[in-house]
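Notes follow the structure.
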2 protein chains.
Amino acid sequence: MKQNTTKYAILGLLTIEPLSGYDIKKMIKNSLAYFWSESNGQLYPTLNQLTKDNWIVLLDNAATSKKPSNCYAITDLGRQELQKWMRREEEKSVHRDENLLKLFFGSNISKEETILRLKKRKLKLIENLKKYREIANKLEKESHSSQSIYWILTANYGISSARAAISWYQKSILILEKAKI
Amino acid sequence: MKQNTTKYAILGLLTIEPLSGYDIKKMIKNSLAYFWSESNGQLYPTLNQLTKDNWIVLLDNAATSKKPSNCYAITDLGRQELQKWMRREEEKSVHRDENLLKLFFGSNISKEETILRLKKRKLKLIENLKKYREIANKLEKESHSSQSIYWILTANYGISSARAAISWYQKSILILEKAKI
DNA sequence: CAGTGCATGTAACAAGTTACATGATTCC
DNA sequence: GGAATCATGTAACTTGTTACATGCACTG
């Protein structure tokens, strides 16, 4: 069975507060970036589909603002569907990590090229780690609602997985540098 | 620009030795499972496409065997294309982790339900870790070719990322259990 | 008055899964 | 002779990205 996860990402965000498509994009970019992404071509059509299905409604804010900002809110039906999804266990986690695939096939290019690639990736991860730390700090400070504990936990996941990856890269670079190939 | 990564996964595996579609499926399942997957509906059409493009060739093994096993080998052109891909840096790594998404939206179901989910995931990861260790051990023992260093490194990645995830799950479960929500 | 950010959207395409079909061979 | 596994494949479908188009509002 296929399931449109975009639908549930949107629904979940709308449980926090009513949002426009643009708001959703921003939230994903600012807070979920390290474990979620959406493209425009998926986001806007899905918003329309969810409206048709009555899982969300377009708030009538024409009076309060002149901006072309379509603000959506989740409906009771939407909440029910979100909870159904939350309780489903599918585990189908499809892993496709192109970086590891390239490393696995490393013998097809020179050792030095691979080492350079690994170093670049490592730097990128260090940068990411910094961002995740900032997100986590911000969340800890602003912590007030019952939701924030979950946000902090996911932020910590980003931090600890980035840390583990960085130290693996470090080790791997050393191993390759020492290796006689 | 979109790129068909399946193509390169196939090419890479064929640099090890000539393989049939079924062999490729098995290798992915046995050795790459924790960072790569392919479905039948993607694999077989891609094999045909690669043959048309002359990146791989169907070996004529009709004489040596009566099995309907189509054995493919990579061509020089295929090797070149693989190397081009290996040297490309795209970084586009699209993260979409449904488990984290569900945790992020945790406040929509009871704390206890979330804890149960986390515990199940943790058990699953412990199981996976065991498998990765077996793969790594096997690789270390059979280590002979210049390729095996790369295989061992990727296996280690699986191990260290699983370990980091497990300890994060452990911590998160404790934090949630203590939390008053 | 140009540049940046706000804000929404679509058409064309690529990528990938699912569920099925088919038949041979091997092992118990 | 039945089950499992070997082995290849396709049709229908979903999911997702890319690249574009449009226009307003604010700021320096």
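Order of the sequence lines fixes the chain letters, A, B, ..., with proteins taken first and strands second; residue numbering starts at 1 for each chain.
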With a 4.0 Å limit, can you tell me whether [X] has a side-chain N or O closer than that to the phosphate oxygens OP1/OP2 of [N]?
X	N	answer
B/R96	D/dT15	no
B/T6	C/dA15	no
A/T46	D/dT15	no
A/Y22	C/dC6	yes
B/T5	C/dG16	yes

Between [atom2] on [N] and [atom1] on [X], what's the gap in Å once rounded to a whole number?
X	N	atom1	atom2	result
B/Q42	D/dT10	CD	P	13 Å
A/Y44	C/dG9	OH	P	7 Å
B/L59	D/dA7	CG	P	15 Å
B/D23	D/dT5	CG	P	17 Å
A/L43	C/dA7	CG	C1'	11 Å
B/E38	D/dA7	CD	P	19 Å
B/K29	D/dC6	NZ	C1'	12 Å
A/Y72	C/dA7	OH	C1'	11 Å

_Both B/K26 and B/N48 contact DNA chain D. Which one's nearest nucleotide lies toward the 5' end?_
B/K26

*Between A/W36 and A/N40, which is nearer to the 5' end of DNA chain D once each is assigned its nearest nucleotide?*
A/W36

*Pick base, sugar-phosphate or nothing for B/G41, based on heavy-atom distances below 4.0 Å to the nucleic acid.*
base

*Partner of B/E89 by side-chain hydrogen bond (donor to acceptor under 3.5 Å, both in side chains), out of A/K102, A/R121, A/K120*: A/K120

*asked:* Side-chain heavy atoms nearer than 4.5 Å, only ILVMFWY residues, links allowed to pass through others: does that put B/I135 and B/I126 together?
replied: yes

*asked:* Evaluate A/Y132 against A/Y34 for ring-ring contact (aromatic ring centres under 6.0 Å, His included), listing each step before the verdict.
replied: CA-CA 8 Å; A/Y132 304 162; A/Y34 59 100; 4.6 Å; yes

*Looking only at non-hydrogen atoms, find the nearest pair between A/T51 and A/Y72 and report the distance.*
OG1-CE2, 3.5 Å

*Which nucleotide in D/dT8, D/dT15, C/dG9 has an atom nearest any side-chain atom of A/N70*: C/dG9

_Nucleotide nearest A/S39 (side chain, heavy atoms from C-beta), chosen from D/dG16, C/dT8, D/dT8_ = D/dG16

_Parallel, tilted or perpendicular: which one describes the rings of B/Y157 and A/W168, with boundaries at 30° and 60°?_
perpendicular

